[in-house]
Amino acid sequence: MQRPSLTPHVRWAQRHEELFLRVELSDVQSPEISIVDNVLYFKAQGHGAKGDNIYEFQLAFLEPVKPQLVYKVTQRQLNITVQKKESNWWERLTKQEKRPLFLTPDFDRWLDESDAEMELKAKEEERINKVRIESRVPKDPFRQLKRGYLFMYNLVQFLGFSWIFVNMTVRLFILGKDSFYDTFHTIADMMYFCQTLAFMEILNSLVGIVRSPFVPSLVQVLGRNFVLFIVLGNVEEMQSKAVVFFIFYCWSIIEIFRYPFYMLSCIGIEWKLLTWIRYTIWIPLYPLGTLAEAVSLIQAIPLFNETGKFSFTLPYPLSITIRFSFFLQIYLIMLFLGVFVNLRHLYKQRRQHLGSKKRKIK
């Protein structure tokens, strides 16, 4: 036998433009709420004054309201917001003069007409002040030009690193391990181009074209270019080392996701999968790339000692020869300090873009 429906306790309040209804039911399930011919119909399963049961009611509004409504279910109650068709103050909620027994004022939200008018004026003043403040902020006349420049910069870098990645991958499948030893001679020209162009990232951050912090950009670009141009580019013996392959491969994999992410951001497009990869792939690849760079420095130290390249002797009376390998040892220590700076920056970015979002209660 079907249990009879009951009427829940309902509290109400109003503003000039909307009505608030608070239905005192907990654990509400399958609510059916609609407005037809200016009458609100409510029916739901929930726990109220008469225990767990089906509760329902209907309210014929005093004046016209919009048929669309918004409701939110919480653990203890159900809140309904109804928009009035015209902004004015009602003398009561329902068309019938006698107030239904289940309906009472919501004193937590209750305002009289004068208080509501003051609230309305305060909101209007806030809106006007916001418009005034926004109008005082000078608009950037070069905004579209900057966006176009950043889009083209990221596109060119994406194409360059994509060429490097595809070329190295194809050669790896065809030649196997033999491709490790001539990576520099086949890839270096394109890598030189991309890493030289990367100096623009330092400039972009310095002049404020992008909001990226200056120090992490400086550390990454100068660190990579030191390894590429000084350590690998100036000692021929280093150019045939297998470690070059791993350095270039780690760099290119990171960049073929980073640059298209920024490229799409310039035109206001976000691809969630690309965002996740861009802020996740650095977790394994950045330490591996840094390790490969450290290995190249360790391998280069004895070679620079043998050739004496970039070493110099202090003038008389000191006459002390300072070997470039000494600076490489210092840089090896600085490399891991720079990794700490960049990893901290990347971790903050990841939390900002992929951090847990609070679930909204519907």
Side-chain angles (χ1 to χ4, degrees), residues 1-131 272 355-362:
M1 183 176 177
Q2 189 176 6
R3 290 179 294 179
S5 61
L6 302 171
T7 304
H9 191 65
V10 181
R11 299 182 185 275
W12 79 283
Q14 69 170 315
R15 298 294 183 270
H16 282 85
E17 296 179 348
E18 54 195 356
L19 303 167
F20 305 108
L21 300 175
R22 177 155 59 95
V23 184
E24 295 191 346
L25 286 179
S26 60
D27 301 323
V28 174
Q29 298 176 12
S30 307
E32 299 176 10
I33 311 171
S34 61
I35 296 177
V36 180
D37 295 331
N38 215 49
V39 178
L40 172 71
Y41 295 92
F42 176 94
K43 184 178 182 181
Q45 175 83 28
H47 191 86
K50 300 294 183 179
D52 193 23
N53 211 318
I54 296 175
Y55 291 84
E56 60 183 320
F57 67 87
Q58 62 185 49
L59 290 172
F61 292 113
L62 176 65
E63 295 185 19
V65 297
K66 296 180 181 179
Q68 300 83 12
L69 56 83
V70 177
Y71 71 89
K72 183 172 70 172
V73 178
T74 68
Q75 205 168 21
R76 295 183 178 181
Q77 61 197 23
L78 187 147
N79 298 310
I80 304 172
T81 303
V82 179
Q83 299 294 325
K84 299 176 180 178
K85 276 195 175 181
E86 296 182 2
S87 178
N88 56 27
W89 195 257
W90 294 5
E91 61 182 18
R92 62 179 183 272
L93 178 65
T94 58
K95 185 175 288 186
Q96 64 185 71
E97 292 187 9
K98 187 177 180 180
R99 177 175 57 82
L101 295 176
F102 65 88
L103 186 67
T104 58
D106 187 351
F107 292 107
D108 291 338
R109 305 192 70 168
W110 191 266
L111 293 179
D112 58 28
E113 187 173 2
S114 59
D115 290 335
E117 287 178 353
M118 290 178 64
E119 183 185 73
L120 198 63
K121 289 178 181 178
K123 287 183 179 179
E124 183 65 17
E125 288 178 2
E126 184 181 352
R127 187 188 67 81
I128 294 172
N129 289 334
K130 186 178 179 181
V131 171
K272 290 185 178 179
S356 59
K357 297 180 179 178
K358 295 181 179 179
R359 293 183 178 179
K360 295 182 179 179
I361 303 173
K362 294 184 180 179

Working to the nearest 0.5 Å, report the span between CD1 of I54 and CG of L25. 11.5 Å
Can you name the side-chain contact (heavy atoms from CB on, under 4.5 Å) partners of P100, sequence neighbours left out? L59, T94, Q96, F102, L103
Look up atom CD in E32 and atom CD in E56, then write down how far apart they are to the nearest 0.5 Å. 9.0 Å
By side chain to side chain donor-acceptor pair (under 3.5 Å), H9 pairs with (sequence neighbours left out) T104
Can you sort out the partners of N88 under side chain to side chain donor-acceptor pair (under 3.5 Å), two or more places apart, ordered by chain and number? E63, W90
List for me each residue that meets side chain to side chain donor-acceptor pair (under 3.5 Å) alongside D106, sequence neighbours excluded, and say none if there are none. R22
Partner of L21 by side-chain contact (heavy atoms from CB on, under 4.5 Å), out of N79, I33, L40: L40
Heavy-atom donor-acceptor pair, Y55 side chain to E24 backbone, under 3.5 Å: no
Nearest atoms (heavy-atom pairs only) where P31 meets A44: CA-CB, 3.8 Å
Considering residues at least two apart in sequence or located in another chain, which fulfil the ring-ring contact (aromatic ring centres under 6.0 Å, His included) criterion with F20? none
S26: side-chain contact (heavy atoms from CB on, under 4.5 Å) partners, not counting sequence neighbours: H47
All heavy atoms of G46 vs all of D52, minimum pair found to be O-OD1, 3.1 Å
Restricting to pairs with a member in residues 79-98, which pass salt bridge (charged side-chain N to carboxylate O under 4.0 Å, His left out), not counting sequence neighbours? none
Would one find more than 12 heavy atoms of other residues, nucleotides or ligands at under 6.0 Å from atom CZ of R76? no
Partners passing side chain to side chain donor-acceptor pair (under 3.5 Å) against E18 (at least two apart in sequence or in another chain): Q83
Answer with yes or no whether the side chains of Q45 and D27 bring together a donor and an acceptor at under 3.5 Å. no
Can you sort out the partners of F61 under ring-ring contact (aromatic ring centres under 6.0 Å, His included), two or more places apart, ordered by chain and number? none
Taken in chain and number order and not counting sequence neighbours, the residues that satisfy salt bridge (charged side-chain N to carboxylate O under 4.0 Å, His left out) with D37 are none
Measure the CD1-NZ distance between I35 and K66 for me, rounded to the nearest 0.5 Å. 11.5 Å
To the closest 0.5 Å, what do you measure between CG (L69) and CZ (F42)? 11.0 Å
